[in-house]
Peer 1: 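Quick one: structure below, then a few questions.
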2 protein chains.
Amino acid sequence: MQFFKTENKNTHFCFFSSLTREQIAQLNLEEINKTFKKGEVIFNEGAYPNALYVVYKGVVKVHMYGDSGKEQIIRLAQPGDLLGYRSLISNDPYRATASATEETRLFKIPKDTFFNLIKQNTDFSLKLMKLLSDDLKNAERKVIYMAQKSVREKIAEALLLLNDTFGIDENNFAIKSKLTRKEIGDIAGVTTESTIRTISDFNKENIINIDGKKIIITDLNRLKSEVKNKIA
Amino acid sequence: MQFFKTENKNTHFCFFSSLTREQIAQLNLEEINKTFKKGEVIFNEGAYPNALYVVYKGVVKVHMYGDSGKEQIIRLAQPGDLLGYRSLISNDPYRATASATEETRLFKIPKDTFFNLIKQNTDFSLKLMKLLSDDLKNAERKVIYMAQKSVREKIAEALLLLNDTFGIDENNFAIKSKLTRKEIGDIAGVTTESTIRTISDFNKENIINIDGKKIIITDLNRLKSEVKNKIA
DNA sequence: CGAGGAGTTGATTCCAATCAATTTCGGTGG
DNA sequence: CCACCGAAATTGATTGGAATCAACTCCTCG
């Protein structure tokens, strides 16, 4: 079961890899009999959560809109990641929308099961708290990022995130992401035009290589060094 | 005991007001025999937490530095708020520094007590999760804020935060904050000069009134309307 | 094969940072 | 009590980075 992967992902950590098999068994994971296609919405801002989702295949973008209508991608959820647990715990309506960025399949954990597990299993609770803490850490880090970094740094960071999240194609070494330039900009908090210009700059400087829409990171170290003072 | 205040604070919620008296008794609250003066550091970025702090009197700023050295204030903790619980749960060194913005007194909850309580008291755990969730919600909101808002909106938001956090003086209606203009800018993620100019604009437009360093919000509604699409 | 979305590029604008200089204020020691 | 010092606040001038506006090309997919 791929949940047990142990790779150390940069941005998110695989929640399930930290659970025991027994704990996973208690989850009553129920596979949703539906494959979400690119762009399909899993849940919408404003809706009330009645279950927790677990990404099983694919990558989901969690995004919200500023008042001007500009989109901001809050995070990317990959296999093993939870979706919508924050709203569930806070008992709030979703404040963000979740959409598939590629063919995606999900498990569902009924709300009751989830809360029962929290109540019965302190170990599970602790792990969930740790997950929340880590997400909070990332979000706080992103605040300072948005406030202080240049477009160039933001795009470099976004590309590194894509690299970590989607991985690379064995054949052509391109990042296996289906995100558009606009969406990359939405991660970085930057306009589409600036995103394109910056990606083009990186290309000219041989830090990356553009092959159509595909991006190949040719000099990972230089890309990383664009992101100063990176916090692991 | 002032922890039982019920005011609905805008940005943080008073953790202790949601606990039963019994739960509070279990906390082994230990008053720290020290009054922190304005500017004094409670804990430093990089240090390892060995206890949880509860603000009892005063307001504490939690802040970190971008690589250029620019400061960013992550949040303001007021009486009843917890300090350092994220790092404690994640078992990380502190990633931010906490300093008093005025005379501050703290309680301390030993690390062991804290974790024992989590393990023994599911209700407490749930409340802690809710707290984490709410902080996460705020942080995510701030990400989009930093990415998309103008200086004017950011300063308006910061002033509203000050108003909620410090309250106003009964005599002159000034916000009872001892923060400098620079610090207000550090909340908003804006330079000191831009902060001053914007505050001065609000003054000219009779949205606020400046009396020396003191700020009096004279037209709260207009100030609020500067912050479009405010999420409660 | 047409249409529309995605990508790209160039020109222009403008907001806010930066740089620079001056004033005000709060505290402190003589 | 006052003079003085350094920090904070303020104001002005300039710069620059990124958004915006606009036009065009290139896919791709129905």
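All figures in this text were calculated on a predicted structure; none of them were measured in a lab. Per chain, numbering begins at 1; letters A, B, ... match sequence-line order.
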Peer 1: Could you tell me whether the side chain of A:I215 reaches within less than 4.5 Å of the side chain of A:I184, counting heavy atoms only?
Peer 2: yes

Peer 1: Closer than 4.0 angstrom, basic N to acidic O: yes or no for B:K149 and B:E157?
Peer 2: no

Peer 1: Mind checking what makes side chain to side chain donor-acceptor pair (under 3.5 Å) contact with A:K70, not counting sequence neighbours?
Peer 2: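 Side chain to side chain donor-acceptor pair (under 3.5 Å) check on A:K70 returns A:D186.
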
Peer 1: Output yes when A:E71 and A:K182 qualify as a salt bridge under the 4.0 Å nitrogen-oxygen rule, no when they do not.
Peer 2: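 A salt bridge is present here (some side-chain N lies under 4.0 Å from a carboxylate O).
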
Peer 1: Looking only at the side chains, is there a donor atom on one of B:T35 and B:R105 sitting less than 3.5 Å from an acceptor on the other?
Peer 2: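 A pair is found: one side chain offers a donor N or O, the other an acceptor, under 3.5 Å apart.
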
Peer 1: Side chain of A:S150 only, heavy atoms from C-beta on: which candidate in C:dA17, C:dT9, D:dA18 is closest?
Peer 2: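 Of the options given, the side chain of A:S150 lies nearest D:dA18.
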
Peer 1: Write down the distance between CZ (A:F202) and P (C:dG7), rounded to a whole number of angstrom.
Peer 2: 17 Å

Peer 1: Both B:I196 and A:V151 contact DNA chain D. Which one's nearest nucleotide lies toward the 5' end?
Peer 2: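 It is B:I196 whose nearest nucleotide is closer to the 5' end.
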
Peer 1: To the nearest Å, give me how far apart CD1 (A:I155) and P (D:dG17) are.
Peer 2: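 Atom-to-atom, A:I155 to D:dG17, this comes out as 16 Å.
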
Peer 1: Extract from the structure each pairing of a protein N or O with an N or O of nucleotides 19-28 of chain C at less than 3.5 Å, listing the distance.
Peer 2:
unit_1, atom_1, unit_2, atom_2, d
C:dC19, N4, B:E193, OE2, 3.1

Peer 1: Please give, in whole Å, the distance from D:dA8 C1' to B:I184 CD1?
Peer 2: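 In whole Å, D:dA8 C1' and B:I184 CD1 are 12 Å from each other.
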
Peer 1: Could you give the CG-to-P distance, from B:D201 to D:dG12, as a whole number of Å?
Peer 2: 12 Å

Peer 1: For the pair B:E102 and B:K176, find out whether any cationic side-chain nitrogen is under 4.0 Å from an anionic carboxylate oxygen.
Peer 2: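 So B:E102 does not pair with B:K176 through a salt bridge.
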
Peer 1: Does any residue of residues 171-182 of chain B have a heavy atom under 4.0 Å from DNA chain C, and if so, which ones, in number order?
Peer 2: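 Within this stretch, nothing sits under 4.0 Å of the strand.
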
Peer 1: Do the non-hydrogen side-chain atoms of B:K154 and B:V151 ever get within less than 4.5 Å of each other?
Peer 2: no

Peer 1: I would like to know whether A:L160 and A:L223 meet side chain to side chain contact (heavy atoms under 4.5 Å, CB included); could you show each step before the answer?
Peer 2: CA-CA 8 Å; A:L160 290 171; A:L223 190 60; 3.7 Å; yes

Peer 1: May I ask you to verify if any side-chain N or O of A:S194 is less than 4.0 angstrom from the OP1 or OP2 atom of D:dA19?
Peer 2: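 The answer is yes; a side-chain N or O of A:S194 sits under 4.0 Å from OP1 or OP2.
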
Peer 1: Quick one: A:M146 CE to D:dA18 P, roughly how many Å, whole number?
Peer 2: 13 Å

Peer 1: Rounded off to whole Å, could you give me the CG-to-P distance for the A:N203 and C:dG7 pair?
Peer 2: 15 Å

Peer 1: Nearest whole Å is fine: how far is D:dA9 P from B:K214 NZ?
Peer 2: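 Spelled out: NZ on B:K214 to P on D:dA9 is 12 Å.
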
Peer 1: Within this structure, what is the CD1-to-C1' distance between A:I210 and D:dC27, rounded to whole angstrom?
Peer 2: 16 Å

Peer 1: Hey, does the side chain of B:T191 come within less than 4.0 Å of C:dA17's phosphate (OP1/OP2), counting only N and O?
Peer 2: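 The answer is yes; a side-chain N or O of B:T191 sits under 4.0 Å from OP1 or OP2.
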
Peer 1: With the side chain counted from C-beta on, respond yes when A:E153 and B:D67 share a heavy-atom pair under 4.5 Å apart, and no when they do not.
Peer 2: yes

